[in-house]
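It should be emphasised that the depicted structure is a prediction, and the values quoted were computed from it without experimental measurement. The chains referred to below are lettered A, B, ... by the order of the sequence lines, with proteins before strands, and numbering in each begins at 1.
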2 protein chains.
Amino acid sequence: MPSSRARSTPPSAAPARRSPCPVACFLDLLGDRWTLLVVRDLLLGRSRFKEFVASPEGIPTNILSERLRRLTEQGVVEQIESSPGSKHLAYRLTRRGQALRPVLESMRAWGLKHLRGTRAALEE
Amino acid sequence: MPSSRARSTPPSAAPARRSPCPVACFLDLLGDRWTLLVVRDLLLGRSRFKEFVASPEGIPTNILSERLRRLTEQGVVEQIESSPGSKHLAYRLTRRGQALRPVLESMRAWGLKHLRGTRAALEE
DNA sequence: ATCTTCACTTGCATTTTACAAGTATTTTTA
DNA sequence: TAAAAATACTTGTAAAATGCAAGTGAAGAT
């Protein structure tokens, strides 16, 4: 018998938030080993699936396509055509996605200062 | 038997880095759904194991103790005694850990602006 | 028309996470 | 001082996420 906390799944497939804390919600959406690396690539000007795959960390393609889908659903990323008239896709950050720049920049600054052996990529 | 210090696998069990990118290294260390919530709690002034457990997100205790161990090993957190003379433990951020504040603040700002239904906890 | 590239998807083994329960100290209470 | 409660975990196990290799169909190039 379920005691205090109701366990029922809401009808919509919205991933449940753990709390209303903005940090917790941020992590619910972007907090894993790969998602913010895709955002980093986008901030660095990369836009194609193959470019994300070619990044030195080597993201698996199934993970990448799932993350791109989630970021697109959440309005952080949008699809465009890779070149005028082409049916191949590319991705770019929405305004909401661009607004993640300060987060990535503060992470980069911390890493450069506090983790040995890191070195900055060109620029963000 | 490796006679001299092999370059491939250092004797300590340092988790392999995916690349020298400071963002990637940051995520190797802190990039999951729970670790930065512990840092958030520490920035909010919480210091005891039970306080972290009592946070609204409900971190499982095995995850919490593993994360505290890792953060302590990496010099982000240090142990202190919970009250003078007590043998119970508490935790606090080192200087390196305090330096994570801008990261948490930018995440918080993004969440408040771009994710509905989030509301700020007291202050950080 | 054929070949190659692109952007995925699928299947499966491995790893990590979540949840419940248990345990050894330490501290408080009677 | 003995019993009870709190503290800070550990252990076991089911569920979910991840990592890797291989496969697929549409698009573009030759």
Side-chain angles (χ1 to χ4, degrees), chain A residues 1-9 13-19 24 27-38 41-42 46-73 77-92, chain B residues 13 15-19 24 27-38 41-42 46-73 77-92:
Chain A
M1 201 186 282
S3 53
S4 54
R5 195 173 296 182
R7 191 63 54 106
S8 63
T9 306
R17 283 178 173 173
R18 292 175 289 180
S19 83
L27 293 172
D28 284 338
L29 183 57
L30 303 160
D32 68 88
R33 284 161 49 77
W34 292 113
T35 304
L36 288 174
L37 286 184
V38 176
D41 281 355
L42 287 159
R46 295 170 192 143
S47 64
R48 303 286 299 272
F49 193 95
K50 63 174 173 178
E51 295 180 290
F52 305 139
V53 170
S55 282
E57 294 83 13
I59 185 171
T61 59
N62 54 343
I63 305 280
L64 174 57
S65 62
E66 197 273 335
R67 294 299 191 276
L68 286 170
R69 174 165 47 245
R70 239 181 37 209
L71 289 172
T72 303
E73 278 170 9
V77 158
E78 60 190 348
Q79 290 185 336
I80 54 177
E81 40 186 38
S82 68
S83 57
S86 169
K87 291 193 177 174
H88 279 167
L89 297 176
Y91 299 88
R92 71 173 168 207
Chain B
R17 283 177 174 174
R18 291 175 289 179
S19 82
L27 293 172
D28 284 338
L29 183 57
L30 304 160
D32 67 87
R33 286 162 44 79
W34 291 112
T35 305
L36 288 174
L37 286 184
V38 176
D41 281 354
L42 287 160
R46 295 170 193 143
S47 64
R48 304 288 298 274
F49 193 94
K50 63 174 174 178
E51 294 179 290
F52 305 138
V53 170
S55 283
E57 293 82 14
I59 186 170
T61 58
N62 55 343
I63 304 281
L64 175 58
S65 60
E66 197 274 335
R67 295 301 191 273
L68 286 170
R69 175 164 50 244
R70 237 177 45 206
L71 289 171
T72 303
E73 277 170 10
V77 158
E78 60 190 349
Q79 289 184 337
I80 53 177
E81 39 185 37
S82 68
S83 57
S86 170
K87 291 193 177 173
H88 281 166
L89 297 176
Y91 298 89
R92 71 174 168 205

query = Is there a side chain to side chain contact (heavy atoms under 4.5 Å, CB included) between B:Ser55 and B:Arg46 once you walk through the steps?
reply = CA-CA 10 Å; B:Ser55 283; B:Arg46 295 170 193 143; 3.3 Å; yes
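Within the 4.0 Å cut-off from OP1 or OP2 of C:dC6, not a single side-chain nitrogen or oxygen of A:Arg48 is found. Between C:dT9 and A:Ser65, a contact under 4.0 Å exists linking OP1 or OP2 to a side-chain N or O. One finds no side-chain N or O of B:Arg69 lying less than 4.0 angstrom from the OP1 or OP2 phosphate oxygen of D:dA8. Residue B:Arg18 places none of its side-chain N or O atoms closer than 4.0 Å to OP1 or OP2 of D:dG19. Contact check, A:Arg33 against D:dG19: a side-chain N or O comes under 4.0 Å of OP1 or OP2. Taking only side-chain nitrogens and oxygens, A:Trp34 comes nearer than 4.0 Å to OP1 or OP2 of D:dG19.
The separation between B:Ile59 atom CD1 and C:dT17 atom P is 10 Å, rounded to whole Å. Protein atom CG of B:Leu64 is 18 Å distant from nucleotide atom P of C:dT16, rounded to whole Å. Distance A:Lys87 NZ to D:dG25 C1': 14 Å, rounded to the nearest Å. Per the geometry, CD belonging to B:Glu81 stands 16 Å off C1' belonging to D:dA8, to the nearest Å. Atom-to-atom, CD1 of B:Ile63 to P of C:dT17 comes out at 5 Å; the value is rounded to the nearest Å. Residue A:Asp32 contributes atom CG, which lies 9 Å from atom P of D:dG19 at whole-angstrom precision. Separating the CZ atom of A:Phe49 from the C1' atom of C:dC8 is a distance of 5 Å, rounded to the nearest angstrom. Atom-to-atom, CG of B:Asn62 to P of D:dA14 comes out at 15 Å; the value is rounded to the nearest Å.
Salt bridge status for A:Glu81 with A:Lys87: absent, with no side-chain N to carboxylate O gap under 4.0 Å. Using a cut-off of 4.0 Å between Lys/Arg side-chain N and Asp/Glu carboxylate O, A:Arg33 and B:Asp32 are scored as not salt-bridged.
Looking at which nucleotide of DNA chain D each of A:Glu66 and A:His88 is closest to, the 5′-most match is held by A:Glu66.
In this structure, A:Tyr91 reaches the sugar-phosphate backbone alone: every heavy-atom distance under 4.0 Å involves primed, P, OP1 or OP2 atoms, never a base. Within 4.0 Å of B:Leu89, counting heavy atoms only, lie sugar-phosphate atoms of the nucleic acid but no base atom. Heavy atoms of A:Ser86 sit under 4.0 angstrom from primed sugar atoms or phosphate atoms, though from no base atom.
Using modelled atom types and a 3.5 Å distance limit, the side chains of A:Thr35 and A:Arg67 yield a donor-acceptor pair.
Counting only distance, with no hydrogens or angles, the side chain of A:Ser86 and the backbone of A:Ser82 share no donor-acceptor pair below 3.5 Å.
A donor N or O paired with an acceptor N or O is found under 3.5 Å between the base of D:dT10 and the side-chain atoms of B:Thr61.
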